[in-house]
Chemist: 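First the structure, then my questions, so here it is.
Letters A, B, ... mirror the listed sequences (proteins, then strands); counts begin at 1. Because the structure is a prediction, the values reported are computed rather than measured.
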Number of protein chains: 2
Amino acid sequence: MKSPKETSLAKTGLRTTHPRLLILEVLEKSRTRHMGAEEIYDSLRESNEEVGLATVYRVLTQFEQNGLVLKHRFGEDSKAYYELNNEQHHDHMVCVECGDVYEFVDDEIERRQDVVADSLGFVLHDHSLHLYGVCSGMEKNGECSMKKRKSETVYQVESN
Amino acid sequence: MKSPKETSLAKTGLRTTHPRLLILEVLEKSRTRHMGAEEIYDSLRESNEEVGLATVYRVLTQFEQNGLVLKHRFGEDSKAYYELNNEQHHDHMVCVECGDVYEFVDDEIERRQDVVADSLGFVLHDHSLHLYGVCSGMEKNGECSMKKRKSETVYQVESN
DNA sequence: CCTCTTTTAGAAGACACTTGCAATTTAATA
DNA sequence: TATTAAATTGCAAGTGTCTTCTAAAAGAGG
């Protein structure tokens, strides 16, 4: 009997190892769904799980290559952030004060991107849209508005 | 009598130095308008101009802080690219095969970004939109379509 | 539980910058 | 055009993030 995590590893051909299961677990439990490699490493050490930093990097790279996670770079930040791939395409809105990341989709923007690529004579492969601003919590009272957020869903903007 | 480059340096309060003028010149002459620090450094050394790499980095940082240049990171590329700030906001379309960068604006996308930020309760400060694909030249015959391009203008997509 | 292959930890290395500091250059003033 | 104080530079050393090397350990099939 395989756990869901074992199943997803099996599908990629990657062996089920302790470090890989642990890293998936950390990503699942992540409040913001977006974590840096070092952050994942620290989180593991706090739970007294001995996983080397090099392994964390290696595993994340493998996960990305196998579509299990998505990798992003935000703003000037020179490090990468990883999120579990929920198979639902989305863009990112990042709070420049608290660092939290919100996910959204806007169909109109998606459509226009195709038009733009087309106009320029490109075959579009991929895109990344990052919005940077200050979230309502930080704006109002300096307290991150996402702290208490429980469920994580991609915000679908009304195409009004 | 000041040259345009001296004038723009003066406006920032930065002293007119040989390295700074040279770097502005290299950026002006750049075919793609988007260059990495090391690339600028190499270009200078090819013209027998002795400017240290650290200086190139330092100057580019100062230029960015003073609004003379814009800094971008594209895709997985871990290095930064710089372009002269032409004061006309634009997004980027990058060819994943030849590496060339095209600039464009789409008013509809700009508008929708405001709507999205608003819906999420954010005060929008900034954004970056990168489209990745294959340019027509590379797609057709493996030859970069931008090579012969002379004038560089921001492509304004029809808001059809 | 044996054997083969994959994976891991830790150390060393790579890459893209950044910083400390003494020497040089700039530019305001004499 | 000299003088001089402050800004700037070059080089070397240092950082942060990530990758690679190797011997040892752990998975998976028989």
Chemist: Go nucleotide by nucleotide along DNA chain C from the 5' end; which of A:Tyr41 and B:Ala54 gets its closest nucleotide reached first?
Modeler: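 Looking at the nearest nucleotide for each, A:Tyr41 comes out on the 5' side.
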Chemist: Looking at B:Arg20 and B:Arg15, would you say the former's side chain and the latter's main chain have a donor-acceptor pair under 3.5 Å?
Modeler: yes
Chemist: Listed by chain and number, what are the side-chain hydrogen bond (donor to acceptor under 3.5 Å, both in side chains) partners of A:Asp77, not counting sequence neighbours?
Modeler: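 Partners of A:Asp77 under the side-chain hydrogen bond (donor to acceptor under 3.5 Å, both in side chains) test: A:Tyr81.
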Chemist: So, the side chain of A:Asp91 versus the backbone of A:Phe104: is there a donor-acceptor pair under 3.5 Å, distance only?
Modeler: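 Judged by distance alone, no pair lies under 3.5 Å.
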Chemist: Applying side chain to side chain contact (heavy atoms under 4.5 Å, CB included) to B:Arg111 and A:Glu108, what does each step give before you reach the verdict?
Modeler: CA-CA 10 Å; B:Arg111 243 192 309 282; A:Glu108 186 56 25; over 6 Å; no
Chemist: For a side chain to side chain contact (heavy atoms under 4.5 Å, CB included) check, start with the C-alpha distance between B:Leu124 and A:Leu131, then their side-chain angles and the critical distance, and finish with the verdict.
Modeler: CA-CA 7 Å; B:Leu124 190 58; A:Leu131 303 186; 3.8 Å; yes
Chemist: Share the residues that join B:Tyr57 in a hydrophobic cluster, the rule being Ile, Leu, Val, Met, Phe, Trp or Tyr side chains under 4.5 Å apart at the heavy-atom level.
Modeler: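 Besides B:Tyr57, the hydrophobic cluster comprises B:Leu9, B:Leu14, B:Leu21, B:Leu22, B:Ile23, B:Leu24, B:Val26, B:Leu27, B:Met35, B:Ile40, B:Tyr41, B:Leu44, B:Val51, B:Leu53, B:Val56, B:Val59, B:Leu60, B:Phe63, B:Leu68, B:Val69, B:Tyr82, B:Leu84, listed by chain and residue number.
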Chemist: Heavy atom of residues 56-80 of chain B under 4.0 Å from DNA chain D: which residues?
Modeler: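 Of all residues in residues 56-80 of chain B, the ones placing a heavy atom under 4.0 Å from DNA chain D are B:Arg58, B:Val59.
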Chemist: Is the A:His92 to A:Phe74 ring centre distance short of 6.0 Å?
Modeler: yes
Chemist: Return the 5'-most residue of the pair A:Glu38, B:Gly52 with respect to DNA chain D, ranking by each residue's nearest nucleotide.
Modeler: B:Gly52
Chemist: Is the backbone N or O of B:Ser43 less than 3.5 Å from a side-chain atom of B:Glu46, with the two atoms forming a donor-acceptor pair by type?
Modeler: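 No, because the side chain of B:Glu46 does not come within donor-acceptor range (under 3.5 Å) of the backbone of B:Ser43.
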Chemist: Kindly write out the residues that satisfy salt bridge (charged side-chain N to carboxylate O under 4.0 Å, His left out) with A:Glu49, not counting sequence neighbours, or none if the list is empty.
Modeler: none
Chemist: Taking DNA chain D as the partner, which of residues 12-29 of chain B come within under 4.0 angstrom of it by heavy atom?
Modeler: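 Close to the strand are B:Leu14, B:Arg15, B:Thr17, B:Pro19, B:Arg20.
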Chemist: What are the bounds, 5' to 3', of the part of DNA chain D that sits under 4.0 Å from heavy atoms of chain B?
Modeler: D:dA6 to D:dA12
Chemist: What is the distance from CZ of A:Arg45 to C1' of C:dG10, rounded to the nearest Å?
Modeler: 12 Å
Chemist: Grab the CG-C1' distance between A:Leu53 and C:dG10 for me, whole Å please.
Modeler: 11 Å
Chemist: For the backbone of B:Ser128 and the side chain of B:His130, can you confirm whether one donor and one acceptor N or O come within less than 3.5 Å of each other?
Modeler: no
